[in-house]
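See structure below.
Residue numbers start from 1 in every chain, and the chains themselves are labelled A, B, ... in the order their sequence lines are given, proteins ahead of strands.
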Number of protein chains: 2
Amino acid sequence: MNRRNTKQRETILGVLHTAEGPLGIPEIHARAKANLESLGLATVYRAVKRLRDEQEILEVDLPGEEAHFEVRRAHHHHHFRCQKCQKVFELDFCPLHLPSGTLLPNGYRVLEHHLTLYGLCQNCDSRAA
Amino acid sequence: MNRRNTKQRETILGVLHTAEGPLGIPEIHARAKANLESLGLATVYRAVKRLRDEQEILEVDLPGEEAHFEVRRAHHHHHFRCQKCQKVFELDFCPLHLPSGTLLPNGYRVLEHHLTLYGLCQNCDSRAA
DNA sequence: GGCTAATTGAGAATTGATTATCATTAAGCC
DNA sequence: GGCTTAATGATAATCAATTCTCAATTAGCC
């Protein structure tokens, strides 16, 4: 089963590479359509599934939301969601200091964590001020 | 539209009060059935919706999972999910120190945060050791 | 206890997200 | 440029979660 590079796939990957953070399927579709008007939704699902199988992109789950996807990063990181424009941004640092293996006082052994910050992005914050 | 207290509703609320953390609908149903064999799934959906409207319980969203519900708490808290038994526990403290309004160096104003810790609960950790 | 209407249980219906189908298009290879 | 077949686009089909329907039950009130 040879795999082919199509402009659909390239466009979708391009959208994810230039995104400010992880995107949901409809958002990927909308952004990719700007370059490729005829792009179908099913193709987005197929491309995302393949890119995920190939480890080019990762699925990111945010509380209470549809699956988002982002290109694979080297480091542990978290996300920030703007409560006004609803965009999700990638943060390059982790404000939590909990090394893997930490034993909490109540007996829970922490191996991983998942953090999402909420608030206003720079753009929305300056308009609100 | 007068509201009535039924044993179904009481049982469901009781399950949530004695839970170790937020529960999903099927789990609420399963636990409540232990006391009320005939309980239907639709009734769980209805009761949960009403309890939520009345602010008796809160919806808790964990990344990539169905909605969970817990009785309303006075204080900010987070959750711990055991990667072995899959149970979700309530944590009574917050390991993150980010006061509401904090401005991150990259321009994001943080108002809230959502944290989930993953690892092994005391029970599963001791068995694994 | 008896009345009235809210609530229930069971299953059908609906919904939104994702996947499958299939005729058509086009990537990769000669 | 042709050939082969993977990929596409449009839509139908599927799937799981949730809601609706309706006859039967029962809580609250007298």
Report task. Go through Ile57(A) and Leu13(A) one step at a time and tell me if the side chain to side chain contact (heavy atoms under 4.5 Å, CB included) criterion holds. Result -> CA-CA 9 Å; Ile57(A) 65 176; Leu13(A) 192 51; 4.2 Å; yes

**Report entry** Heavy-atom protein contacts under 4.0 Å, nucleotides 25-30 of chain D, coded B base, S sugar-phosphate only, - none
**Finding:** -BBS--

Query raised in the report: dT7(C) C1' sits how many Å from Leu13(B) CG, rounded?
Result: 17 Å

Run the side-chain donor-acceptor check on residues 99-106 of chain A: report pairs under 3.5 Å with partners two or more places apart or on a different chain.
{"residue": "Ser100(A)", "atom": "OG", "partner": "Leu111(A)", "partner atom": "O", "Å": "3.0"}
{"residue": "Thr102(A)", "atom": "OG1", "partner": "Pro99(A)", "partner atom": "O", "Å": "2.6"}

Query - Rounded distance in Å - NZ (Lys33(A)) to C1' (dA10(D)) - result: 11 Å

Requested in this report: Before giving the answer on side chain to side chain contact (heavy atoms under 4.5 Å, CB included), spell out for His113(A) and His78(B) the whole-Å C-alpha distance, their side-chain angles and the decisive distance to 0.1 Å.
Outcome: CA-CA 11 Å; His113(A) 64 266; His78(B) 296 294; over 6 Å; no

Query - Step-by-step side chain to side chain contact (heavy atoms under 4.5 Å, CB included) determination, Val71(A) to Leu51(A) - result: CA-CA 9 Å; Val71(A) 294; Leu51(A) 289 167; over 6 Å; no

Query raised in the report: Donor-acceptor pair, His114(A) side chain versus Asp61(A) backbone, under 3.5 Å?
Result: yes

Query raised in the report: When the distance from CZ of Arg9(A) to P of dG9(D) is rounded to whole Å, what number comes out?
Result: 14 Å

Report task. Provide, to the nearest angstrom, the distance between the CD atom belonging to Glu37(A) and the P atom belonging to dT25(C). Result -> 18 Å

Query raised in the report: For DNA chain C, which residues in residues 41-65 of chain B have a heavy atom at a distance below 4.0 Å?
Result: Ala42(B), Thr43(B), Arg46(B), Arg50(B)

Requested in this report: Evaluate whether atom CD of Glu65(A) has more than 12 neighbouring non-hydrogen atoms of other residues, nucleotides or ligands under 6.0 angstrom away.
Outcome: yes

Query raised in the report: Quick one: are Tyr108(A) and Cys121(B) in side-chain contact, heavy atoms under 4.5 Å?
Result: yes

Query raised in the report: Nearest-Å distance, CG (Asn2(A)) to C1' (dC3(D))?
Result: 14 Å

Report task. Output all residues satisfying side chain to side chain donor-acceptor pair (under 3.5 Å) with Glu56(A), sequence neighbours left out; order by chain, then residue number. Result -> none

Query raised in the report: Using the C1' atoms of five pairs at each end, what's the angle between the two axes of the helix from dG1(C)-dC30(D) to dC30(C)-dG1(D), to 10 degrees?
Result: 50°

Query raised in the report: Could you state the NE2-P distance from His29(A) to dT8(D), rounded to the nearest angstrom?
Result: 12 Å

**Report entry** Any donor-acceptor N/O pair, His29(A) side chain to Leu39(A) backbone, under 3.5 Å
**Finding:** yes

Query raised in the report: Going through the distances and angles, do His68(B) and Glu27(B) end up as a side chain to side chain contact (heavy atoms under 4.5 Å, CB included)?
Result: CA-CA 9 Å; His68(B) 283 56; Glu27(B) 183 67 21; over 6 Å; no

Enumerate donor-acceptor pairs with a distance under 3.5 Å from any side-chain N or O in residues 85-94 of chain B to protein atoms, sequence neighbours excluded.
{"residue": "Gln86(B)", "atom": "OE1", "partner": "Arg81(B)", "partner atom": "NH2", "Å": "2.6"}
{"residue": "Gln86(B)", "atom": "NE2", "partner": "Gln83(B)", "partner atom": "O", "Å": "3.1"}
{"residue": "Glu90(B)", "atom": "OE1", "partner": "Arg73(B)", "partner atom": "NE", "Å": "3.0"}
{"residue": "Glu90(B)", "atom": "OE1", "partner": "Arg73(B)", "partner atom": "NH2", "Å": "3.1"}
{"residue": "Glu90(B)", "atom": "OE2", "partner": "Arg73(B)", "partner atom": "NE", "Å": "2.9"}

Query raised in the report: Can you check the Leu39(A) CG to dA7(D) C1' distance for me, whole Å?
Result: 12 Å

